[in-house]
Structure formats: C-alpha cells, structure tokens
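To start, the structure itself, in structure tokens.
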Amino acid sequence: ALGIRLINTDELASLVSGSETEAVFLAEPSIALSPELAGGLACLVCHTHVAGETTPAAHAAIPGLSWLEKEGTYVNFQGRVQKFGAALRPPEKGIIPDIAVLARLGRLLEAEGCADLPTHPPSVFDRLAAENARFAGLTWAELGEKGALLPLDAPETEEGSAVQGSADQESEAGGES
C-alpha cells in the first residue's frame, strides 16, 4: 500500500523530522513544510490547484483540479453519503484528477493493491464499498440524488470512524471516490 494518511501541518512536520520518511506527496496547499524539512526529503511532490507555501520547495508540482471541477462523494456530519458533481468543466488537457495521479503513483511504485485501482468516481466508490465495512452494501448507482445513511453499527476502520475519515479524505485529499 502507499501509506496514504490524512495529517495536518504539525503531524507532517513531526513525521518528516522524526523518521526515515524520504518522500511526501502533498495534495493540500494549506499544509506547509518548512524549507529545512522540505529540503531534507528525497522527493516532495505537490499536486494541487493552487500553489501553497511548500510548492516552491517541491521536486515536482503537478497541477490539480479545484473542488469546483471534481466529481465524487462525501459524508456529511449526519453520516449521509452524498454524490457531488463538477460545477465547472475541468480543462480537457493538462490536469489529471487526484485519484488518477494516486493510481498512477501506486502502479509506478508497485504498491500492494494498486495494480487495478479505478479512477472513475462511480468505480472508486463501488470499490470503497466493497473493501470498507462501513460502506458495505452501498453502490454509486443506489446513492441517487438523496444519498444514503451509513449504518451506525458498522465497524470502525483503523483510522477511527469511517464517517469522519471519508469526509476528511475527500475534502483534503482530492474529493473523489
């Protein structure tokens, strides 16, 4: 697996300074690394729609879609999974959706479980539902316009509540599923 985690600026700084972390893929412009910490990484990639404080220190900066150009799902505070569509048509060339970048990265690194990662939002959500007990039984097609409530008695994931993790993941890490 890629070891993808949702963290804030302080957690990232601690992770980079206190371990053998060699590479960081940063998809949120508000997360910043000091120039000293960024300079100590073998590889820093920023993938976002707007340059952030850390972008100038990146080894590679990949343009990303804004939240207005994305399609996917989110989980609201009530535990309702809802679809959202792009309000603006994304550019046809030059910008790769977040999930496609992560899927390509996983394949390039030959990370476990990444050989067949889907990149189209309905397929991503259906795979999430197949692999995460919190979303079991749901499908993209069944979400419809009103979405669906997650069961309150579903098992929690390693990161804690899937309701919290999904909402954060999708707003912080690209919005697609």
Side-chain angles (χ1 to χ4, degrees), residues 1-77 84 86-121 124 127-128 132 156-177:
L2 288 177
I4 295 173
R5 292 185 22 203
L6 301 176
I7 56 178
N8 63 35
T9 299
D10 293 336
E11 291 168 324
L12 179 60
S14 177
L15 180 69
V16 170
S17 64
S19 72
E20 297 178 11
T21 300
E22 295 182 64
V24 170
F25 181 91
L26 190 59
E28 172 52 48
S30 68
I31 303 289
L33 270 179
S34 70
E36 298 78 28
L37 289 176
L41 292 168
C43 181
L44 173 61
V45 176
C46 291
H47 179 246
T48 181
H49 69 286
V50 61
E53 190 177 322
T54 304
T55 308
H59 296 94
I62 304 169
L65 298 174
S66 78
W67 62 273
L68 291 166
E69 300 167 313
K70 295 179 183 184
E71 174 185 15
T73 60
Y74 66 94
V75 179
N76 73 14
F77 73 98
F84 65 89
L88 300 174
R89 177 177 285 173
E92 292 188 25
K93 293 185 179 179
I95 299 183
I96 303 168
D98 305 352
I99 193 66
V101 170
L102 290 172
R104 288 181 188 182
L105 180 62
R107 286 191 292 274
L108 285 171
L109 296 173
E110 298 178 354
E112 181 182 335
C114 293
D116 63 344
L117 284 178
T119 58
H120 188 248
V124 172
R127 176 138 173 203
L128 170 70
N132 185 311
E156 291 192 354
T157 63
E158 274 182 39
E159 296 81 29
S161 170
V163 174
Q164 293 169 334
S166 296
D168 292 345
Q169 273 183 331
E170 309 216 354
S171 65
E172 298 294 324
E176 295 172 78
S177 70

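As a basis for the values below, the full set of heavy atoms in this structure was taken, side chains included, without hydrogen atoms, waters or symmetry mates.
- One N or O on the side chain of His59 and one on the backbone of Leu44 form a donor-acceptor pair closer than 3.5 Å.
- The nearest pair of heavy atoms linking Lys70 to Asp98 is NZ-OD2, 2.7 Å.
- Annotation for Thr21 and Leu41: closest pair O-CD2, 3.6 Å, computed over non-hydrogen atoms.
- With sequence neighbours excluded, the residues forming a salt bridge (charged side-chain N to carboxylate O under 4.0 Å, His left out) with Arg127 are Asp116, Glu131, listed by chain and number.
- No donor-acceptor distance shorter than 3.5 angstrom exists from the side chain of His47 to the backbone of Leu102, with no hydrogens or angles considered.
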Intermediate values then yes/no, side-chain contact (heavy atoms from CB on, under 4.5 Å), Leu26 and Leu12
CA-CA 10 Å; Leu26 190 59; Leu12 179 60; 4.2 Å; yes
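- The salt bridge (charged side-chain N to carboxylate O under 4.0 Å, His left out) check on Asp10 picks up nothing, with sequence neighbours excluded.
- Atoms OG1 and CD, on Thr48 and Glu28 in that order, are 6.5 Å from each other to the nearest 0.5 Å.
- The CD1 atom of Ile31 lies 11.0 Å from the SG atom of Cys46; values are rounded to the nearest 0.5 Å.
- Closest of all the heavy-atom pairs between Arg89 and Glu69 is O-OE2, 4.4 Å.
- Here the straight-line distance linking atom OG1 of Thr9 with atom CD of Glu53 works out to 8.0 Å at 0.5 Å rounding.
- When all heavy atoms are compared, the tightest approach of Ala32 to Thr54 is CA-OG1, 3.1 Å.
- Closest of all the heavy-atom pairs between Gly52 and Pro56 is O-CD, 3.5 Å.
- Across all non-hydrogen atoms, the minimal contact from Leu37 to Ser17 is CD2-CB, 3.5 Å.
- To the nearest 0.5 Å, atoms NE2 (His49) and CH2 (Trp67) are separated by 9.5 Å.
- For the atom pair Leu33 CG and Leu15 CG, the distance stands at 9.5 Å (nearest 0.5 Å).
- If you take CD1 on Ile62 and OG1 on Thr55, they are separated by 11.5 Å, rounding to the nearest 0.5 Å.
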